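The model shown is predicted, which means the values in this text are computed figures rather than measured ones. The first residue of the sequence shown is numbered 1, and numbering continues consecutively from there. Just follow the structure's listing: the first ligand is 1, and inside any ligand the first atom is 1.
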Amino acid sequence: MPKRVVVVGQGYVGLPMALRAAEVGMSVVGLDNNQRLVDQLNAGSSHIGDVSDEDLRAGLRAGYTASTDPKCLGDTDVVVVCVPTPLSVDGGPDLDAVAGAARVIGENIAPGTLCILESTTYPGTTEEIFVPLVASNGLVIGDDIFVAFSPERIDPGNEVFTVKNTPKVVGGITPSCTKLAKEFYSEFVDVVVEARGAREAEMAKLLENTFRHVNIALVSEMVRFCDELDIDLWNAIDCAESKPFGFMAFRPGPGVGGHCIPVDPSYLSHRVKAKLGYAFRMVELAEEINDASPNYVASRVWRMLNKHQRAVNGSSILLVGVTYKPNVADCRESPADPLVARLQGWGAHVTYHDPFVPTWIPHGSDSTFRSVDDVYAAAAAADCVVLLQPHRSYDLPKLADQSRSILDTRGVMEGPAVDLL
Ligand SMILES: NC(=O)c1ccc[n+]([C@@H]2O[C@H](COP(=O)([O-])OP(=O)(O)OC[C@H]3O[C@@H](n4cnc5c(N)ncnc54)[C@H](O)[C@@H]3O)[C@@H](O)[C@H]2O)c1
């Protein structure tokens with residue numbers, strides 16, 4: 001069993017992974033280039049909703065420590081890389097963090113180390129970008145050092161599936177790399193699945209997220225014309241879900257968000273275009289439909305106000321839940337950002353409530369919003385309420401009761417004031 005592990009990147013993915021390895025007895029360094037975060041973690045204060053301070057402190061007692069010093073890379077059996085893979089300004093992959101981490105690993109590691117990339121990226125990244133930097137000092141892959149890709153599948157806010165019981169896919173550059181990576185994860189993950197190689201493991205992750213992206217787009221497009229045809233798509237989905245095979249339910253919403261669904265399929269379409277010169281049309285279409293969802297929500301708000309002979313211009317609109325999904329504090333790529341821009345552009349007075357977000361600066365905006373204290377009182381005072389994320393702390397019947405007019409983008413509310421998206 002590898003005794004020493006360095007997990008590079010201590011965010012939503014890296015911190016739970018590092019603590020799980022410490023829990024089974026490994027000595028783990030969480031390496032991050034953010035000194036303030038490292039100090040905070042060493043003081044026992046977690047920045048991730050899924051990791052309580054208690055869990056972190058148990059990890060610190062069990063052998064976890066956070067650091068900014070890359071020297072720990074020279075004194076470890078395994079390095080796991082969980083750094084961000086965002087989009088660049090032109091919408092393509094931004095692999096700066098992956099390349100930066102790989103470079104530092106290459107400068108520090110000793111022969112015999114197993115290096116695993118977990119960050120979501122396009123197929124070919126491990127071989128073409130990660131390996132040359134990690135093995136820059138002439139170490140031979142599969143002989144001197146070992147390299148594999150293992151996609152991260154963590155689902156923030158999911159209390160059922162954790163690092164331990166979510167199967168892990170591993171694909172090495174050589175069969176010996178796959179074998180070592182499998183042995184490593186088998187120490188603390190219940191099921192480990194071997195891919196044919198690193199590319200297949202990379203593609204598995206992008207297939208999973210593209211599948212979600214495309215299916216969300218399917219129902220998001222359907223909900224728009226079902227509304228015009230006076231068909232309750234939500235009910236139709238419930239009925240379709242009674243089929244025990246060949247169907248998986250996806251439901252409409254205010255738009256996709258987070259660090260995965262709006263980002264990862266673009267990595268794949270960009271790769272196809274750059275390498276082969278043609279478009280991955282399914283992804284491009286899904287992007288177009290999903291990107292339009294916040295505008296569709298805005299148009300429904302416009303229609304609801306219109307029904308009450310009010311204009312959006314000058315109306316007070318309360319957004320409820322501005323994170324990208326329920327029960328997490330993550331606001332990255334939240335559909336609330338383009339929604340607030342559209343409503344403000346139309347002259348609405350927008351306020352919001354979110355128990356996870358005391359202050360909110362929507363992406364691309366120069367306004368700072370402060371969450372209202374009492375969501376129910378604010379709902380009673382607003383001309384229109386939009387439920388975006390049904391965090392579990394909300395009393396939804398009370399919210400429906402208090403609101404004059406509420407747009408439910410999640411299909412979770414009932415009452416005379418409620419309009420279903
Ligand atoms: N958040 C999710 O739900 C999720 C789920 C599955 C996969 N992923 C993937 O996992 C990867 C990490 O995502 P995340 O959400 O944990 O990101 P994050 O932003 O929460 O955390 C990344 C951490 O890496 C640190 N970092 C950046 N560059 C570094 C470097 N060169 N050296 C050391 N530390 C560095 C940052 O300071 C930050 O603390 C991404 O590729 C993402 O697509 C994320």
If you measure from each non-hydrogen atom of [X] to ligand 1, which part falls under 4.0 Å: side chain, backbone, both or neither?
X: Pro156; answer: side chain
X: Met17; answer: neither
X: Pro151; answer: neither
X: Val8; answer: side chain
X: Val104; answer: neither

Protein heavy atom at shortest distance from [atom]:
atom: atom 24 (O) of ligand 1; value: Gly9 CA, 3.3 Å
atom: atom 44 (C) of ligand 1; value: Val13 CG2, 3.4 Å
atom: atom 25 (C) of ligand 1; value: Asp32 OD2, 3.2 Å
atom: atom 4 (C) of ligand 1; value: Cys260 SG, 3.5 Å
atom: atom 21 (O) of ligand 1; value: Gly11 CA, 3.2 Å
atom: atom 30 (C) of ligand 1; value: Asn33 ND2, 3.3 Å
atom: atom 17 (O) of ligand 1; value: Arg332 NH1, 3.7 Å
atom: atom 42 (C) of ligand 1; value: His259 CD2, 3.5 Å

Report yes or no: does [X] contribute a side-chain atom to a donor-acceptor pair with the main-chain N or O of [Y] at less than 3.5 Å?
X: Gln389; Y: Tyr324; result: yes
X: Asp32; Y: Gln10; result: yes
X: Ser136; Y: Pro132; result: no

*When the ring planes of His391 and Phe356 are compared, do they come out parallel, tilted or perpendicular, using 30° and 60° as the limits?*
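Perpendicular.
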*What class does the angle between the rings of Phe184 and Phe188 fall in, given that below 30° is parallel, 30 to 60° is tilted and above 60° is perpendicular?*
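Taking Phe188 first and then Phe184, their aromatic rings stand perpendicular (interplane angle over 60°).
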Proximal ligand 1 atoms for [X], defined as those under 4.0 Å from one of its heavy atoms:
X: Lys205; value: 6 (C), 7 (C)
X: Ala97; value: 28 (N), 31 (N)
X: Ala101; value: 31 (N)
X: Leu37; value: 39 (O)

*Roughly how far, to the nearest 0.5 Å, is the OG1 atom of Thr210 from the CD1 atom of Ile261?*
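That separation rounds to 8.0 Å.
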*asked:* Please compare Glu152, Lys325, Arg36 and report which has the shortest non-hydrogen distance to atom 6 (C) of ligand 1.
replied: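 It is Glu152 whose heavy atom sits nearest to atom 6 (C) of ligand 1.
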_Among Ile261, Val7, Thr85, which one puts a heavy atom closest to atom 41 (O) of ligand 1?_
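It is Thr85 whose heavy atom sits nearest to atom 41 (O) of ligand 1.
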*Is the closest side-chain heavy-atom distance between Lys3 and Ser27 below 4.5 Å?*
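No. Closest side-chain heavy atoms not under 4.5 Å.
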*So do Thr121 and Leu95 actually touch side chain to side chain, heavy atoms under 4.5 Å?*
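Yes - at least one pair of side-chain heavy atoms lies under 4.5 Å apart.
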*Step by step, work out the ring pair (Phe, Tyr, Trp, His ring centres under 6.0 Å) result for His270 and Tyr267.*
CA-CA 5 Å; His270 192 275; Tyr267 265 65; 8.1 Å; no
_Is it true that Glu287 and Ser266 share a donor-acceptor pair across their side chains at a distance under 3.5 Å?_
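Short answer, yes.
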*Is Glu118 in contact with ligand 1, taking contact as a heavy-atom separation below 4.0 Å?*
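Checking ligand 1 against Glu118, which is what was asked, there is no heavy-atom contact under 4.0 Å.
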Short N or O distance, [X] and ligand 1, threshold 3.5 Å exclusive:
X: Thr120; result: yes
X: Asp330; result: no
X: Tyr12; result: yes

_Would Glu127 and Ile173 count as a side chain to side chain contact (heavy atoms under 4.5 Å, CB included) here? Give the steps._
CA-CA 7 Å; Glu127 276 174 78; Ile173 297 294; 3.4 Å; yes
*Tyr12 ring center near His259 ring center (under 6.0 Å)*: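 No - the distance between ring centres of Tyr12 and His259 does not fall below the 6.0 Å cut-off.
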*asked:* Working note: Asp69 + Ser67, criterion side-chain hydrogen bond (donor to acceptor under 3.5 Å, both in side chains); need CA distance, chi angles, decisive distance, verdict.
replied: CA-CA 6 Å; Asp69 185 357; Ser67 173; 5.4 Å; no
*Between Glu23 and Arg20, does at least one N-O distance fall below 4.0 Å, as a salt bridge requires?*
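Looking at Arg20 together with Glu23, the answer is yes, because their closest N to O distance falls below 4.0 Å.
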